[in-house]
Q: 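This is the structure I want to talk about, given as structure tokens.
In this chain, residues are counted from 1 in sequence order. The figures here come from the full heavy-atom set of this structure, side chains too, leaving out hydrogens, waters and symmetry mates.
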Amino acid sequence: MEVINDFIYNVINAMGIYGPILACLLMLVESIIPAMPLGVFITVNFLTFGNLIGFLTSWLFTVLGCVMSFFLFRKGVQGWFQRLTKDRVRLNNLMIRFNNISLALIIAMPFTPAFLVNIAAGLSDMPKKKFIVALIMGKISMVYFWGYIGTSLVESFKNPMILIKIAIIMLITYIMSLIIKKITKI
């Protein structure tokens, strides 16, 4: 693990300020192109900017990337997709079920492929407000998870308090999403 940290520090130092800027821009693209490692970009931001600023920049850019992906599929592909699938009952039932799930909890899970959630939300009839609120809340624990796991994977398994904190944040995110769903009638 130390070798990976040293490598990341060397890359950051070699690129100067362009390293974190590149990591932030790549986070935007990662929401559309799934082959890119979001955890690495979050780790770069945490190592470069520290825990608080690294968290905030990572959270902001991953949320912006997901919103861009959502609107790309909502505006560019949704109409075509609905015309193509209007006679497919099973697929339409699946899209209706997708609208009724607790999206914040799914987004909060660190291993959920964000691009699939963005695409499914963009292609479904899910309200924009519901998606954005779930995204803002769910990405908090996901970024926190990758930030701490990415900066010290071995330490997190030796110190279960980090994993307990992550589980607590996921639970709080879920409860907050239920409260906000009730208040906003989403």
Side-chain angles (χ1 to χ4, degrees), residues 15 17-46 49 54-147 150 170 173-174 176-178 180-186:
M15 294 185 78
I17 190 65
Y18 298 112
I21 291 171
L22 180 62
C24 291
L25 293 175
L26 288 173
M27 274 195 241
L28 291 174
V29 175
E30 186 275 336
S31 299
I32 300 168
I33 302 172
M36 302 173 81
L38 181 63
V40 172
F41 305 139
I42 292 172
T43 301
V44 167
N45 283 343
F46 269 65
F49 297 123
F55 170 80
L56 292 173
T57 56
S58 297
W59 174 79
L60 176 67
F61 279 93
T62 193
V63 166
L64 288 174
C66 289
V67 168
M68 286 173 34
S69 177
F70 171 81
F71 282 112
L72 175 72
F73 283 91
R74 175 63 52 98
K75 300 294 183 194
V77 182
Q78 183 188 37
W80 171 79
F81 178 78
Q82 287 180 343
R83 284 190 303 276
L84 183 69
T85 62
K86 68 180 175 187
D87 296 330
R88 301 194 181 192
V89 176
R90 292 177 92 188
L91 186 58
N92 288 331
N93 288 340
L94 182 64
M95 295 305 270
I96 290 169
R97 276 195 216 148
F98 182 78
N99 287 337
N100 296 326
I101 61 172
S102 178
L103 194 59
L105 185 61
I106 289 175
I107 291 171
M109 293 180 195
F111 299 103
T112 300
F115 74 98
L116 283 178
V117 174
N118 302 338
I119 291 170
L123 294 178
S124 73
D125 290 326
M126 177 179 292
K128 293 179 278 195
K129 184 178 177 182
K130 177 182 179 180
F131 177 75
I132 292 172
V133 168
L135 187 67
I136 288 170
M137 295 180 61
K139 288 294 182 180
I140 292 170
S141 62
M142 191 275 306
V143 170
Y144 181 78
F145 176 86
W146 284 119
M170 288 179 75
T173 303
Y174 175 68
M176 287 176 60
S177 72
L178 292 177
I180 290 177
K181 257 172 72 171
K182 193 173 198 175
I183 291 171
T184 59
K185 295 181 174 101
I186 295 177

Q: Look only at the side chain of Ser58 and the backbone of Gly54, and say whether a donor-acceptor pair between them is shorter than 3.5 Å.
A: yes
Q: Supply the atom-to-atom distance Met68 CE to Phe61 CZ, rounded to the nearest 0.5 angstrom.
A: 10.5 Å
Q: Does the plane of the ring in Phe55 sit parallel, tilted or perpendicular to the ring in Phe46? Use 30° and 60° as the thresholds.
A: perpendicular
Q: Between atom OG1 of Thr62 and atom CG of Leu135, what is the distance when rounded to the nearest 0.5 Å?
A: 7.5 Å
Q: Please report the interatomic distance CG(Leu64) to CE(Met27), rounded to the nearest 0.5 Å.
A: 10.5 Å
Q: Under a 4.5 Å cut-off applied to non-hydrogen side-chain atoms, are Ile107 and Met142 in contact?
A: no
Q: Atom CG of Leu72 and atom CD1 of Ile119: how far apart are they, to the nearest 0.5 Å?
A: 9.0 Å
Q: Grab the two heavy atoms, one from Met126 and one from Phe70, that are nearest each other, plus how far apart they are.
A: O-CZ, 4.4 Å
Q: Counting N and O atoms only, with roles assigned by atom type, does the side chain of Arg74 sit under 3.5 Å from a partner on the main chain of Ser124, one being a donor and the other an acceptor?
A: yes
Q: Of the non-hydrogen atoms in Gly65 and Leu28, which two are nearest, and what is the gap between them?
A: N-CD2, 3.4 Å
Q: Sequence neighbours left out, what passes side-chain contact (heavy atoms from CB on, under 4.5 Å) with Ile136? Give chain and number order.
A: Trp59, Val63, Ile132
